[in-house]
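The structure appears below as structure tokens.
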Amino acid sequence: MADVRVRFAPSPTGYLHIGGVRTALFNWLFARHAQGKFILRIEDTDQDRSTEEAIQAILDGMRWVGLDWDEGPFRQTDRMDLYRQQAIRLLEQRQAYWCVCRAEELEARRKDAMAKGLQPGYDGRCRERGITNQNGDAALRFKASREGQTVVEDLIKGRVVFENNILDDLIILRSSGYPTYNFSVVVDDALMGVTHVIRGDDHLNNTPRQIPIFKALGYDVPRFGHLSMIMGADKAKLSKRHGATSILAYKDMGYLPEAMINYLVRLGWSFGDQEIFSLPELIEKFDLAHVQKSSAVFNPDKLQWMNAHYIRHGEPKRLAGLLRPFFGQVGLGEAAEKVSDEWLEKLVVALRERARTLVEMATAAAPYVQDKIVVEAAAAEKFLTPEIAPLLANLTDRFERVTDFSKTVLEETFKKFLEDEGLKIGQLAQPVRVALTGRTASPGIFEVIDLLGRERILARLRQGIALAGRTRP
RNA sequence: GUCCCCAUCGUCUAGCCUGGCCUAGGACGCCGGCCUUUCAAGCCGGCAACACGGGUUCAAAUCCCGUUGGGGACGCCA
């Protein structure tokens with residue numbers, strides 16, 4: 001077989017959403033697996049709705065998840081001559097004709113037909129009129145066959161048969177001279193040598209309209225594979241209503257691209273019981289045969305679990321770098337600037353088991369990056385009691401006398417203190433935790449100590465003693 | 001309305017093509033326990049599904065038909 005060539009062809013009429021990324025991912029994986037080419041093509045023939053910002057957002061999104069392309073990004077608006085040439089060829093071959101029906105008329109007729117329960121398609125009234133495009137404002141229609149069947153041997157759905165009599169003559173060139181989707185895709189897929197068209201389910205009905213165009217133009221028809229859609233919790237096609245569906249929104253919420261990829265690939269594709277896949281593994285194992293035919297509901301909980309997994313197992317150094325931009329978002333921007341990369345790495349190691357997103361991690365980092373903390377009232381109430389005050393004071397004295405303020409020495413000092421006082425670690429760890437972090441939950445107490453450093457430990461211990469010793473109502 | 005697609009725990013799925021190994025497996029979530037300096041993580045256990053009805057067969061989650069349900073498409077959008 002010829003070398004595999006696939007493409008991802010989004011239209012820049014909005015941001016790149018989850019569903020688009022999954023389609024891109026499946027194409028990308030298919031290409032990488034087959035050592036073929038992955039082409040990025042921007043379908044911007046809708047002059048009214050396409051925007052430069054959307055193109056940028058698509059590119060940024062693709063880069064963020066790491067889906068790199070071998071060719072492109074091509075823009076259809078740069079290829080107008082090609083479509084017009086091909087369209088004229090069809091006209092000359094008498095496989096296309098000019099139509100002077102007005103858009104408004106067509107719309108009215110369509111509504112009328114729908115209301116009467118008839119097929120809403122174009123009735124073909126200009127089909128045999130032999131109109132010449134004298135005024136330059138006619139649309140060009142493809143003359144579709146009304147007989148026989150068009151069969152799609154879909155790589156995912158299997159054999160799908162369409163009766164040609166349900167097809168109408170679709171417009172391939174608008175009166176503006178711009179090609180329509182169903183025509184430009186065919187021309188581009190043919191000219192770019194695309195061998196496999198892997199796209200959303202919502203295009204399955206377009207396939208029997210596109211196949212005859214490939215044939216009329218004399219090109220090979222590519223293989224098709226139609227992916228089921230991703231739905232929201234309400235089982236409707238994923239849209240803005242379902243909250244953050246822009247892929248970049250997930251970046252901002254503190255998700256890791258590898259978690260996103262891993263989650264998305266499992267939405268419709270499986271390899272036995274396996275859930276976690278590295279990228280090389282995905283490239284090696286991905287195939288269309290194990291792609292689910294039915295649609296899948298997007299499950300934020302599982303994505304979050306997946307993200308937590310990658311945070312826990314990720315390389316601390318990289319995570320630390322990814323974490324930095326999030327401090328600003330949680331109001332720790334200034335405090336975090338003073339922090340060294342080395343220290344931050346240590347912080348990541350301490351926090352990664354309890355953070356599901358980078359936002360959560362940044363939030364949890366507050367007591368460690370800030371100089372001053374506010375002790376939660378309930379925590380102080382419960383653990384910073386008058387009885388604990390002297391113990392805290394004695395511990396502080398011991399810490400003050402320590403000259404080598406290293407984790408090991410501090411831990412030894414702490415344990416020695418427990419021994420001398422005849423205490424179990426559980427009796428003192430919680431009060432100390434509350435004094436040092438202001439919270440009842442934190443990483444291991446010795447990790448906390450290691451993170452804070454002498455000055456802050458002593459200051460917070462003293463603050464804790466003060467809180468514990470105060471008289472209460 | 002017409003056409004097309006789909007149908008296993010709440011959700012993602014394995015199994016289906018090539019019927020028996022299925023008392024239907026895994027994962028997320030949920031519940032309980034263990035571990036434990038807290039919270040997590042980890043480990044162990046639990047709840048929970050073959051949409052329905054007909055066939056075919058010795059045997060059906062698996063094959064066939066129908067019903068129901070869900071989704072998508074029917075644009076001078078893509």
Side-chain angles (χ1 to χ4, degrees), chain A residues 9-13 43-46 48-50 99 101-103 106-107 110 113-122 138-141 152 154 156-158 160-163 166-168 170-176 178-182 184-185 199-208 226 228-229 231 233 235-237 263 266-276 289-290 292-306 308-309 312 351-356 364 379 383 414 418 424-430 432-434 437 439-446 448:
Chain A
S11 70
T13 53
E43 310 221 320
D44 56 349
T45 55
D46 184 343
D48 298 333
R49 297 194 302 152
S50 297
C99 169
C101 298
R102 316 294 328 167
L106 293 168
E107 181 62 25
R110 194 163 25 242
M114 284 276 231
K116 286 179 182 157
L118 301 170
Q119 297 219 28
Y122 179 63
L140 192 66
R141 283 188 189 269
V152 181
D154 196 272
I156 293 163
K157 305 281 187 187
V160 185
V161 180
F162 297 89
E163 294 296 330
I166 61 154
L167 269 26
D168 61 352
L170 81 203
I171 289 178
I172 57 178
L173 234 45
R174 294 179 245 246
S175 50
S176 66
Y178 272 65
T180 56
Y181 164 75
N182 274 306
S184 54
V185 246
R199 70 216 317 188
D201 219 349
D202 47 346
H203 289 289
L204 187 52
N205 286 301
N206 287 141
T207 310
H226 288 93
S228 59
M229 314 256 76
M231 325 244 244
K235 307 253 175 138
K237 193 173 160 183
Y263 175 70
R266 287 286 294 107
L267 223 46
W269 177 80
S270 61
F271 187 79
D273 285 341
Q274 192 171 342
E275 295 286 351
I276 304 295
H290 291 89
Q292 191 88 350
K293 290 175 173 182
S294 50
S295 53
V297 174
F298 182 79
N299 182 350
D301 280 341
K302 189 155 182 181
L303 202 216
Q304 200 165 58
W305 168 78
M306 194 74 83
H309 171 90
R312 276 197 303 279
L351 297 178
R352 64 176 169 179
E353 303 233 310
R354 39 220 119 208
R356 292 173 299 182
F383 293 105
F414 191 95
L418 289 175
K424 283 192 193 159
I425 192 165
Q427 296 171 275
L428 196 58
Q430 235 11 28
V432 170
R433 186 186 319 280
V434 171
T437 68
R439 306 170 180 187
T440 53
S442 84
I445 198 68
F446 302 120
V448 170

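In what follows, every chain begins at residue 1, and chains take the letters A, B, ... in the order their sequences are listed. Just so we're clear, the structure is a prediction, and the values are computed from it rather than from any experiment.
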Pick the [atom1] atom in [N] and in [M], then give their distance to the nearest Å.
{"N": "B:G29", "M": "B:G10", "atom1": "C1'", "result": "8 Å"}
{"N": "B:A61", "M": "B:U8", "atom1": "C1'", "result": "7 Å"}
{"N": "B:C35", "M": "B:C43", "atom1": "C1'", "result": "8 Å"}
{"N": "B:G26", "M": "B:G46", "atom1": "P", "result": "9 Å"}
{"N": "B:U23", "M": "B:A7", "atom1": "C1'", "result": "24 Å"}
{"N": "B:G66", "M": "B:G20", "atom1": "P", "result": "25 Å"}
{"N": "B:U13", "M": "B:A48", "atom1": "C1'", "result": "15 Å"}
{"N": "B:C65", "M": "B:G70", "atom1": "P", "result": "22 Å"}

For [X] and [N], is the shortest distance between a side-chain N/O and OP1 or OP2 below 4.0 Å?
{"X": "A:Arg110", "N": "B:C76", "answer": "yes"}
{"X": "A:Ser228", "N": "B:G71", "answer": "no"}
{"X": "A:Ser442", "N": "B:U38", "answer": "no"}
{"X": "A:Arg312", "N": "B:G42", "answer": "yes"}

Establish, from distance only, whether the side-chain atoms of A:Asp201 and A:His226 form a donor-acceptor pair under 3.5 Å.
no

[X] and [Y]: which non-hydrogen atoms are nearest, and at how many Å?
{"X": "A:Pro443", "Y": "A:Val448", "answer": "O-CG2, 3.6 Å"}
{"X": "A:Ser228", "Y": "A:Gln292", "answer": "OG-O, 3.8 Å"}
{"X": "A:Ile171", "Y": "A:Leu173", "answer": "CG2-O, 3.3 Å"}

What residue among A:Ser176, A:Ser11, A:Pro179 forms side-chain contact (heavy atoms from CB on, under 4.5 Å) with A:Thr45?
A:Pro179

As a test of reading the structure: which of [options] is closest to the side chain of [X], going by heavy atoms?
{"X": "A:Ala441", "options": "B:U38, B:C28, B:A78", "answer": "B:U38"}
{"X": "A:Met231", "options": "B:U37, B:A78, B:G70", "answer": "B:G70"}
{"X": "A:Met229", "options": "B:A78, B:G72, B:C76", "answer": "B:G72"}
{"X": "A:Ser270", "options": "B:U38, B:A14, B:C76", "answer": "B:A14"}

In the strands shown, is [N] matched to any nucleotide by a Watson-Crick or G-U wobble pair with both distances under 3.5 Å, and which?
{"N": "B:U2", "result": "B:A73"}
{"N": "B:A51", "result": "B:U67"}
{"N": "B:G42", "result": "B:C34"}
{"N": "B:A61", "result": "none"}
{"N": "B:A14", "result": "none"}
{"N": "B:G19", "result": "none"}

Between A:Gly272 and A:Gly426, name the one whose nearest nucleotide on RNA chain B is closer to the 5' end.
A:Gly272

Most 5' of A:Pro10 and A:Trp305 on RNA chain B, judged by nearest nucleotide
A:Trp305

Rounding to a whole Å, what distance do you find between [X]:[atom1] and [N]:[atom2]?
{"X": "A:Ile276", "N": "B:U13", "atom1": "CD1", "atom2": "P", "result": "15 Å"}
{"X": "A:Phe383", "N": "B:U38", "atom1": "CZ", "atom2": "C1'", "result": "7 Å"}
{"X": "A:Glu353", "N": "B:C43", "atom1": "CD", "atom2": "C1'", "result": "14 Å"}
{"X": "A:Gln427", "N": "B:U36", "atom1": "CD", "atom2": "C1'", "result": "15 Å"}
{"X": "A:Leu106", "N": "B:C74", "atom1": "CG", "atom2": "C1'", "result": "14 Å"}
{"X": "A:Arg49", "N": "B:A78", "atom1": "CZ", "atom2": "P", "result": "8 Å"}
{"X": "A:His203", "N": "B:G71", "atom1": "NE2", "atom2": "C1'", "result": "15 Å"}
{"X": "A:Leu303", "N": "B:C28", "atom1": "CG", "atom2": "P", "result": "14 Å"}

For the NZ atom of A:Lys157 and the OG1 atom of A:Thr207, what is their distance to the nearest 0.5 Å?
11.0 Å

Looking at CZ of A:Phe162 and CG of A:Leu167, how far apart are the two atoms once the value is rounded to the nearest 0.5 Å?
9.0 Å

Detail all sub-3.5 Å separations between protein N/O atoms and N/O atoms belonging to nucleotides 2-12 of chain B.
| unit_1 | atom_1 | unit_2 | atom_2 | d |
| --- | --- | --- | --- | --- |
| B:C5 | O2' | A:Lys157 | NZ | 2.7 |
| B:U11 | OP1 | A:Lys235 | NZ | 3.1 |
| B:C12 | OP1 | A:Val297 | N | 2.8 |
| B:C12 | O2' | A:Arg266 | O | 2.9 |
| B:C12 | O2 | A:Lys302 | NZ | 3.4 |

Heavy atoms only, 4.0 Å cut-off, all strands: where does A:Pro208 land among base, sugar-phosphate and nothing?
nothing

Set of residues satisfying side-chain hydrogen bond (donor to acceptor under 3.5 Å, both in side chains) with respect to A:Arg49, sequence neighbours excluded
A:Asp46

A:Tyr263-A:His309 aromatic ring centre distance below 6.0 Å:
no

Identify whether NZ of Lys or CZ of Arg in A:Arg141 sits under 6.0 Å from the centre of the six-membered ring of A:Tyr122 and within 45° of that ring's axis.
yes

